[in-house]
Peer 1: 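A single structure is presented below for examination.
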Amino acid sequence: MSTRIAFLKGHGTENDFVIVPDPENVIDLPPAAVAALCDRRAGIGGDGLLHVVRSAAHPEAEGMAAEAEWFMDYRNGDGSVAEMCGNGVRVFARYLQRAGHVTEGDLAVATRGGVKAVHIAKDGDVTVGMGRAVLPEGDVTVSAGERSWLARNVNMGNPHAVAFVDDLSHAGDLLSPPPFSPAAAYPDGVNVEFVVDRGPGHVALRVHERGSGETRSCGTGACAVAVAAARRDGADPTATGAPATYTVDVPGGTLVITERPDGEIEMTGPAVIVAEGEIDADWLETTTSA
């Protein structure tokens with residue numbers, strides 16, 4: 001390992017990430033190292049880490065290399081591995097553009113949730129094809145303090161529980177994962193969204209992301225919320241043939257989510273690179289082995 005490791009810092013609607021370019025997949029990033037880098041006091045700070053690797057160089061992505069040159073090896077802030085991160089894909093694409101690997105227009109990004117179609121617009125916004133939502137059967141309940149709500153179970157490549165509430169303050173401090181039942185619904189944990197209405201086709205949310213706590217934004221969560229809101233409002237594009245679009249306010253900004261008649265979901269929003277620098281590899285090794 002070299003004594004310096006390049007990194008960047010970026011965010012999508014204030015869902016922020018440490019970005020580690022590593023095209024040939026030679027940098028060892030065990031969970032403790034990721035957690036140290038994402039630590040907001042002792043490290044760089046981020047909700048998660050985007051490990052940028054060529055698909056052909058990563059054993060989990062080499063099967064997607066023919067479709068997507070680049071693999072987003074995404075990690076949560078606690079170092080755990082995650083299937084997908086919608087805001088992360090937008091920031092990942094912005095990094096590839098900044099580094100000269102891609103230009104405006106269409107590209108494909110490999111993730112553990114499959115290959116995602118991405119479009120970088122001239123105005124700076126990035127649209128990500130988020131795939132289809134899966135709506136598992138069965139009731140789910142989430143709680144905060146003494147309140148409980150029935151929630152919609154939505155899977156966007158990662159699991160979500162969407163609860164519509166009267167006031168976002170009812171979610172509490174979201175410092176710890178909101179309790180849910182039945183436990184069998186989410187054996188690996190769940191992202192929980194608390195949602196209020198702002199107007200027709202317009203909602204706002206707070207979210208607790210598993211492995212990261214409350215975050216300023218969650219892309220897959222915004223998609224899950226839009227789908228849950230559409231079904232609550234009696235809209236199913238695959239049945240009606242008409243797309244359903246929702247504006248979703250998150251604490252860090254605004255995303256626009258469209259569910260198309262073919263069931264595919266598109267998310268559009270900003271992506272910003274704010275800094276770049278070098279990680280001291282000796283510090284990282286010492287922190288990891290402590």
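Given the structure is predicted, the values throughout are model-derived calculations rather than measurements. All residue numbers in this chain count up from 1 along the given sequence.
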Peer 1: Using modelled atom types and a 3.5 Å cut-off, is there a donor and acceptor pairing between side-chain atoms of D233 and backbone atoms of A235?
Peer 2: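 Between the backbone of A235 and the side chain of D233 there is no qualifying donor-acceptor contact (under 3.5 Å).
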Peer 1: Output a table of donor-acceptor pairs, distance under 3.5 Å, between side-chain atoms of residues 268-276 and any protein atom two or more places apart or on a different chain; print 'none' if there are none.
Peer 2:
{"from": "T268", "atom 1": "OG1", "to": "T127", "atom 2": "OG1", "distance (Å)": "2.7"}
{"from": "E276", "atom 1": "OE2", "to": "R98", "atom 2": "NH2", "distance (Å)": "2.8"}

Peer 1: Do R41 and D39 sit within salt-bridge range, that is, some charged N less than 4.0 Å from a carboxylate O?
Peer 2: no
Peer 1: Is the side chain of N191 donor-acceptor paired with the backbone N or O of P159 at a distance under 3.5 Å, no angle test?
Peer 2: yes
Peer 1: Are side-chain heavy atoms of F194 and F164 found at a separation under 4.5 Å?
Peer 2: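 A side-chain contact under 4.5 Å is absent here.
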Peer 1: Between T220 and N158, does any side-chain donor sit less than 3.5 Å from a side-chain acceptor?
Peer 2: yes
Peer 1: Is the closest basic N to carboxylate O distance between R152 and D139 below 4.0 Å?
Peer 2: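 No, R152 and D139 are not salt-bridged.
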Peer 1: Spell out, as yes or no, whether a donor-acceptor pair under 3.5 Å connects the side chain of N76 to the backbone of G79.
Peer 2: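 Looks like no, no N/O pair under 3.5 Å.
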Peer 1: Taking atom OG1 of T288 and atom CH2 of W283, what is their separation to the nearest 0.5 Å?
Peer 2: 7.5 Å
Peer 1: Would you mind reporting whether P59 and N25 have side-chain heavy atoms less than 4.5 Å apart?
Peer 2: yes
Peer 1: Does some side-chain heavy atom of T254 sit less than 4.5 Å from a side-chain heavy atom of T13?
Peer 2: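 Counting from C-beta outward, T13 and T254 never come under 4.5 Å.
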Peer 1: Under a 3.5 Å distance rule, please check whether S55 uses its side chain to pair with a backbone N or O of E62 as donor and acceptor.
Peer 2: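 Flag not set: sc S55 to bb E62 has no pair under 3.5 Å.
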Peer 1: Is there a donor-acceptor pair closer than 3.5 Å between any side-chain N or O of K9 and the backbone N or O of G45?
Peer 2: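 At least one qualifying donor-acceptor pair exists.
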Peer 1: Flag yes if more than 12 heavy atoms outside D167 fall under 6.0 Å of its CG atom; otherwise flag no.
Peer 2: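 Enclosed.
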Peer 1: Is the closest basic N to carboxylate O distance between E266 and K116 below 4.0 Å?
Peer 2: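 Looking at E266 and K116, the cut-off is not met.
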Peer 1: Would you call the rings of H101 and W70 parallel, tilted or perpendicular if under 30° counts as parallel and over 60° as perpendicular?
Peer 2: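 Judged by the thresholds at 30° and 60°, the geometry between H101 and W70 is tilted.
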Peer 1: Any Lys/Arg nitrogen of E14 or R216 sitting under 4.0 Å from an Asp/Glu carboxylate oxygen of the other?
Peer 2: yes
Peer 1: Any side-chain to backbone donor/acceptor pair from R75 onto L29? Under 3.5 Å, distance only.
Peer 2: yes
Peer 1: Salt-bridged, E60 to R112, with N to O below 4.0 Å?
Peer 2: yes
Peer 1: Ignoring hydrogens and angles, tell me if any N or O in the side chain of R210 forms a donor-acceptor pair with the backbone of V190 under 3.5 Å.
Peer 2: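 No; judged by distance alone, with no hydrogens or angles, the pair does not exist.
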Peer 1: Heavy-atom distance under 4.5 Å between the side chains of V34 and P30, does that happen here?
Peer 2: no
Peer 1: Check D16 with R40, please: is the shortest side-chain N to carboxylate O separation under 4.0 Å?
Peer 2: yes
Peer 1: Is there a side-chain contact between E278 and I5 (heavy atoms, below 4.5 Å)?
Peer 2: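 With C-beta onward as the side chain, the pair stays apart.
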Peer 1: Are the side chains of L8 and R94 in touch, meaning some heavy atoms are under 4.5 Å apart?
Peer 2: no
Peer 1: Does any N or O in the side chain of R132 come within less than 3.5 Å of the main-chain N or O of D262, such that one atom is a donor and the other an acceptor?
Peer 2: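 Indeed, once roles are kept as given, a pair shorter than 3.5 Å links the two residues.
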Peer 1: For the residue pair Y74 and M84, establish whether any side-chain heavy-atom pair is separated by less than 4.5 Å.
Peer 2: no
Peer 1: Please set out all donor-acceptor pairs under 3.5 angstrom arising from side-chain atoms of residues 171-189, sequence neighbours excluded.
Peer 2:
{"from": "D173", "atom 1": "OD1", "to": "L175", "atom 2": "N", "distance (Å)": "3.0"}
{"from": "Y186", "atom 1": "OH", "to": "N153", "atom 2": "OD1", "distance (Å)": "3.1"}
{"from": "Y186", "atom 1": "OH", "to": "H160", "atom 2": "O", "distance (Å)": "3.1"}

Peer 1: Side chains of V196 and D166: does their closest heavy-atom pair fall under 4.5 Å?
Peer 2: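 No, too far: nothing below the 4.5 Å cut-off.
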